[in-house]
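Report on one structure; see the data block that follows.
Just follow the structure's listing: the first ligand is 1, and inside any ligand the first atom is 1. Heads up: numbering here begins at 1 and tracks the sequence.
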Amino acid sequence: MKEYPHLSVVLDEVSAREGHAEGQAPWWTYCAEVLDHVRVPYDVVPAIGDLGLDGPGVLLFPEAPSLPDDQAAAVRAWVEGGGALLCTGAGSLGAAFGVAEVDPVADGYVLIDGADGWLDGVDVPLRAQGGNKLAVGTDAVVLASWAHDKTPAIVLVHLGLGVAIFSGVDIWQSIVRIQQGDPVYTDGVPAADGSAAVDDGSLKCDDGIVLSYETDREVPPQSAVRRAEGRAGLDPVPIFHRPHADLWRGAFLQLLLGAARHCGVVLPWLYYWPAGVPAVAHLSVDSDRNSIEDAATSLDLFDEIGVRTTWCHVYPGGYDTATVERIGAAGHEHALHFNAVGDADIASWGWAQLRAQHAWAQAMTGHEEIVSNKNHYTRWEGWDEFYRWCVRLGIEIDETRGPSKRGNVGFPFGTAHLAKPMSGTRRLDVLMLPMHAQDLAWTTHESVRNVILDQVVAQHGVAHFLFHPVHLHRRSFVRDACRDVVAEATRRGLPWWTAAQLNAWERLRRNVVLDVRHEAGGGLAISAHAPNAIPGAAIMLPLPDPSAQVETAWSDSGSPVRPAVVERHGMTMLELATDLAEGTTTLHVTWAAVAAAPDGELVR
Ligand SMILES: [Zn+2]
């Protein structure tokens, strides 16, 4: 194995491109996006033959390889000697571990009860897209099973000093298809209970929802909110109450970090947010109607509650100069609200229309830097076409993907995380910021609020609430609902960030590369290579054992290092909070309760 990093991913990009040319979707290439977001260090190799397999480490096959017998035997011997293997699918490699694929599952549900200690239990059947039932020997540990017939879906095999994990679930396809939905060419099928009539003759991203209205929703628990007045008839309806794509990300991370720890490999990762922040909240505003009275009421409210928003400007019209200036002066972000609903000239779906409206927003606001967008009425067509336009135009973050109907609120695209969309065999350089609810107390019952916040905190993502100034202006109870969601998120420790802030932070952290090695006396040295300084960063390390305590933690840059023990993704982690300088910052940790490794030995 190479010295650094300690995670090797076997990902044959050439055969992915060839397969794509023949019509196969190379879902497995998306594992790089999942790893890049977590910011765990890894190395990509095109073939197992390129690895030495000469020491402990973690080996990830995002797609089951077809290996000749001698190579499969070499991998087995390496695991036996203390290696950790993770494989999506089983293929011919599975045979070396007594694991076989039996029947394919195109669309199914997976049960994770958490009894084995490797995965946390999940309280709903997890939606899976693609995969296989697995057949295993009696000594395998079944970590997850297919819901319809209880056959193994994810299994673990202990072998000698090492461990091998096989996922019959196509985790990558599941994440991508739930997040990005199906391509939108026609109206979607509405919910049978009438709560989500997406068949409204207007193409939107929620026409392509992969999650099921019948099996993936639940009515939220009754809200503690009691208002003297409210909207008549606005009763709770079922919502997508669990972020299925994020639950798959979390399960994968638990398997990856668990396997690494089992084999004595330390895998650090750079936490999603500044140190100590459990999750983030985002409030966006759509300027529909462009009324300066609506805007004034909303600006007064945002001043009062101290929140900065992303203000999405819809064509045509715009605000007067004074309103635009007040929005900017209060720290709100000027963004585009691309209009393709056909109610004005150039308000139709197309690259030229998007480009023209972006230029209009720049001219109307006097701001060149329009980096964020949300589509009016969540309009959408096709699959990745709009994201390709964003890249061409310089829109760096799009926050369209979310509910347009009362019954598809919550996590209709299964996520609270920032992610880059898949396109062919690659990712596009635009961030998807999911949206979770519109106009609490007006179009969405407030009982959804805490469900969304709780799940976002559990996944350490970003909770996105959208309000329209027109509803804030007309109804005091909508203003109260806005006050309350801001207070409730703040009470849980979530700061409110604009889309531009989210975009800048995510792009900053995605440039950081970590590595780790043992030091004399049993300590660790974790180096962060950052092209730009990042204040308040948090480097996470799974604790080597539950009793481990930090004796000293310091940085060679002289910045203070604040160690803390935190729960992240259901695992106990050591958080090392510090300012990362431009260039390389190395943090040093010594343990009070862990046996020392020999001097200078690498952590692998
Ligand atoms: Zn709108």
- Message: How close do R449 and F465 get, counting heavy atoms only, and between which atoms?
- Response: O-CZ, 4.3 Å

- R426 bridged to D384 by N-O distance under 4.0 Å: no

- Message: With respect to the Zn ion (ligand 1), please indicate if C312 possesses an N, O or S atom at a distance under 2.8 Å.
- Response: no

- Query: How is the N/O/S atom of H337 that comes nearest to the Zn ion (ligand 1) named?
  - Reply: NE2

- Query: Are any N, O or S atoms from D288 nearer to the Zn ion (ligand 1) than 2.8 Å?
  - Reply: yes

- Compute the ring centroids of Y272 and H569, then answer whether they are less than 6.0 Å apart. yes

- Message: Between W380 and Y387, does the ring-ring contact (aromatic ring centres under 6.0 Å, His included) criterion hold? Intermediate values first, please.
- Response: CA-CA 10 Å; W380 201 263; Y387 293 131; 5.0 Å; yes

- Query: Taking 2.8 Å as the cut-off, does an N/O/S atom of H376 lie below it from the Zn ion (ligand 1)?
  - Reply: yes

